[in-house]
Structures are given as C-alpha cells and as structure tokens.
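Because the structure is a prediction, the values reported are computed rather than measured.
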Number of protein chains: 2
Amino acid sequence: MYPKKFEDLIQAYSKLPGVGRKTAERYAFTTLNWDEEWINEFITSLSSIKDGIKRCEVCGNLSDGDKCEFCMNDTRNHNVICVVQSPKDIAAIESMQEYNGVYHVLNGLINIQKGILPENLNIQSLVNRINNDIEEVIIATDPTVEGETTALYITKLLDGRTKVTRLAHGIPMGGHLDYTDAHTLLKAFEGRK
Amino acid sequence: MYPKKFEDLIQAYSKLPGVGRKTAERYAFTTLNWDEEWINEFITSLSSIKDGIKRCEVCGNLSDGDKCEFCMNDTRNHNVICVVQSPKDIAAIESMQEYNGVYHVLNGLINIQKGILPENLNIQSLVNRINNDIEEVIIATDPTVEGETTALYITKLLDGRTKVTRLAHGIPMGGHLDYTDAHTLLKAFEGRK
C-alpha cells in the first residue's frame with residue numbers, strides 16, 4: 001500500500017516495545033514532516049548506539065569513557081557499593097541526593113524461565129571488587145520474584161566476605177525502582193537491613 | 001546522567017508524538033539490545049525519508065515513482081476522484097474493496113487557527129484535474145470541524161464544473177476515517193449525497 005521506503009520505516013518503528021501498526025504509522029508520518037536536521041540527529045544517535053555505548057570497566061554502568069562518572073569521582077565513597085539491575089535505577093537513586101557511594105550494574109536479573117543465569121549477568125566482576133576496604137554492599141534490585149532471587153544469590157555469594165544489606169520494604173511489592181519517588185526511596189535506604 | 005550518545009537517542013525518541021521521557025528511555029534501552037542488522041535497517045529507512053519520499057505528481061499520494069500505484073493503474077476508473085486528507089485514509093478505503101476510482105490527497109485540512117489555509121494544501125492540483133471527462137468528485141475528509149470546512153471549500157470551488165459528493169453520515173462525528181471499519185465505510189459510500 002505505502003511506498004517501500006515508507007513501509008520500511010513503519011516496520012522499524014513497530015519493533016519498539018508496545019508499538020503496534022497504528023502507532024508505528026503515526027510515528028512514520030510524524031518523521032516525514034521532520035526537518036532534515038532532526039532526522040540527521042536521529043541517524044547520528046542510532047549510529048553511535050550501533051558502534052556501541054561503552055560500559056564502565058569497573059561497575060558496568062553506561063559510560064562515555066573507560067570508567068563511568070561515579071567510578072571516576074573521588075568525592076564519592078568507593079567502599080560502599082550499591083547493586084542495581086539497570087542504569088535507569090541509578091538515576092532514581094541519585095534523585096534522592098543522599099547516597100554517596102558507588103554502583104554496580106548487573107544488567108539484568110536472574111530469570112530461570114527466560115534462561116538468564118548468574119553467569120549471564122555482571123556478577124563475577126562484583127565479586128572481584130570485594131576486598132577488605134569494602135564496608136558495605138547494598139542490594140537495590142526491584143522487590144519482584146526475579147529481584148529477590150538475584151538478591152539472595154548475591155547475598156549467599158558474598159556471605160562472610162563483607163557486610164551485605166538489602167533495601168527495606170517501603171517500595172511496594174511488584175513495583176519498579178525507577179518509578180519510585182525520592183522520598184519512598186530514602187525510607188527504603190534508611191531502613192535497610 | 002546517561003552518556004551523551006545515549007541521551008541523544010532518548011532526546012530523538014522524545015520528539016515522537018505522545019512519547020514522554022520514560023517511554024523514550026524505554027525505547028532507547030530496547031534499541032541498545034537490538035542486533036546491528038535491525039539498527040542498520042532503521043538507519044537506512046530514516047535516510048531514505050531524509051532523501052524524500054516521492055509524491056505522486058498527479059494526486060499527491062506517497063509514491064515510489066513519479067506516479068502512484070493508483071494513478072498508474074489502467075483498470076481503475078480515472079473519472080471518479082476520491083479526495084482524502086492523508087495517504088493513511090487511502091488504506092482504509094481500499095480495505096472495503098468496493099471503490100475503483102482514483103484519489104487526490106490534500107495532505108492536511110483547512111485550519112485557520114493553526115494557519116493552514118487552502119493555498120497550503122494540495123487543492124489547486126485537484127482543480128487542474130477537473131475536465132469534462134470527470135464524472136464525480138467524492139470528498140472523504142474526516143467529519144470534524146476542519147474536515148467539514150475543507151469539504152465546503154472544495155464543494156464551492158468545484159461548483160458547476162463537476163458532480164461533487166460527500167460521504168454519508170455513518171462515520172461517527174468527531175471520528176477519524178482511518179479508524180473506521182470497512183462495513184461502516186461501505187455504508188458511508190453508498191449513502192453519499
């Protein structure tokens with residue numbers, strides 16, 4: 001029905017999560033009316049994603065260089081590590097302006113049904129980071145089945161090697177960390193056990 | 001917070017209609033996990049949009065070549081012209097498998113408040129298409145204020161030069177043509193006046 005080039009764009013948009021045919025058509029028609037400059041910016045950003053966004057060699061966070069902004073920052077406490085599922089969660093934790101440690105990004109959660117095992121996650125590098133200087137590892141995965149499983153796994157793995165804490169309840173069960181407001185997050189941090 | 005390249009991609013997705021910050025982040029994280037092939041297809045389709053999707057020189061429909069598939073098709077009745085707002089509407093009309101004429105795409109509707117005047121639309125080329133062979137012009141704009149205004153304007157413009165009809169009520173007022181099912185559209189075609 002549509003010209004092939006245009007249909008290709010609709011197909012590309014259809015691959016985004018939650019985007020059906022009608023929405024993809026709407027996106028494609030919007031793109032059709034964009035300035036060349038906007039489309040160029042879009043292409044440039046997609047190309048840079050293709051070339052690969054760097055991961056911090058220490059913590060696995062998305063990064064501009066070899067190390068991320070937190071691992072490079074000397075004013076932060078490098079002896080407290082907060083373990084999160086995704087870089088999105090770091091933004092949520094930073095928004096409460098209370099935490100001053102560093103992070104470790106797992107890039108996923110253990111999910112046996114989906115075939116995501118501990119060795120598929122960024123867990124070994126967390127174990128390698130643990131030494132006598134590390135005061136605390138705070139596990140801040142989502143309070144879902146997968147999040148709890150992963151937290152339990154890491155807790156057992158680090159048992160006796162360092163102090164391991166888990167965010168307190170306060171975040172509703174089944175909720176997602178990056179949708180939690182800063183105040184609730186603060187309560188969860190304070191009540192960690 | 002995020003690396004610049006990644007933030008750029010989020011900003012690009014944010015420009016799509018109805019996409020806020022959270023959704024744009026979700027799209028960007030999805031893109032991060034795509035195969036290189038998928039990203040290449042996306043970039044290729046965006047580049048071809050930038051180079052310009054051709055418009056049919058007769059009716060203004062999106063087209064692969066100089067003329068669209070309908071204007072090139074000799075089995076269609078070129079003496080009946082259906083006037084639509086957008087190429088999207090053609091797909092809806094074709095889905096009822098009843099109409100065998102050709103189309104004319106206005107690429108918008110008259111909207112004084114938004115500054116869209118008759119001269120901004122593909123109306124003059126419609127007037128140029130009218131000759132003694134043209135049996136009927138069917139105006140199939142949406143039954144909204146802008147759609148009715150545009151229909152009235154075109155009806156007056158072509159008055160006395162050819163037979164002008166308007167789709168019958170049947171499409172709910174305030175509705176959009178491309179969300180109408182084929183049966184309702186058929187009724188609207190049959191009852192045109």
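- The two atoms that bring A:A140 and A:I93 nearest to each other are CB-CD1, 4.3 Å, heavy atoms only.
- The nearest pair of heavy atoms linking B:L62 to B:P87 is CG-CG, 3.8 Å.
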Tell me which donor-acceptor pairs, judged by distance alone and kept under 3.5 Å, run between chain B and chain A, one pair per line.
{"unit_1": "B:K4", "atom_1": "N", "unit_2": "A:D64", "atom_2": "OD1", "d": "3.3"}
{"unit_1": "B:K15", "atom_1": "NZ", "unit_2": "A:E41", "atom_2": "OE1", "d": "3.0"}
{"unit_1": "B:K22", "atom_1": "NZ", "unit_2": "A:D178", "atom_2": "O", "d": "2.5"}
{"unit_1": "B:Y27", "atom_1": "OH", "unit_2": "A:Y27", "atom_2": "OH", "d": "2.9"}
{"unit_1": "B:N40", "atom_1": "OD1", "unit_2": "A:K50", "atom_2": "NZ", "d": "3.0"}
{"unit_1": "B:E41", "atom_1": "OE1", "unit_2": "A:K15", "atom_2": "NZ", "d": "3.0"}
{"unit_1": "B:K50", "atom_1": "NZ", "unit_2": "A:N40", "atom_2": "OD1", "d": "3.1"}
{"unit_1": "B:D64", "atom_1": "OD1", "unit_2": "A:K4", "atom_2": "N", "d": "3.3"}
{"unit_1": "B:D178", "atom_1": "O", "unit_2": "A:K22", "atom_2": "NZ", "d": "2.5"}

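- Contacts between B:I39 and chain A at a heavy-atom distance below 4.5 Å involve the side chain alone, from C-beta outward.
- Screening residues 107-133 of chain A for ring pair (Phe, Tyr, Trp, His ring centres under 6.0 Å) gives no qualifying pairs among residues at least two apart or on separate chains.
- For the set A:I90, A:I43, A:V19, the count of heavy-atom pairs under 4.5 angstrom toward chain B peaks at A:I43.
- Taking A:F70, A:F29, A:F6 one by one and counting their heavy-atom pairs under 4.5 Å with chain B, the maximum is reached by A:F29.
- When all heavy atoms of B:I123 and B:I154 are compared, the closest pair comes out as CD1-CG1, 4.4 Å.
- B:V164 and B:I134 end up in the same hydrophobic cluster when Ile, Leu, Val, Met, Phe, Trp and Tyr side chains are linked at under 4.5 Å.
- The two residues B:I10 and B:A24 make their nearest non-hydrogen contact at O-CB, 3.5 Å.
- In this structure, A:V58 is not a member of the same hydrophobic cluster as A:I130, with clusters built from ILVMFWY side-chain heavy atoms closer than 4.5 Å.
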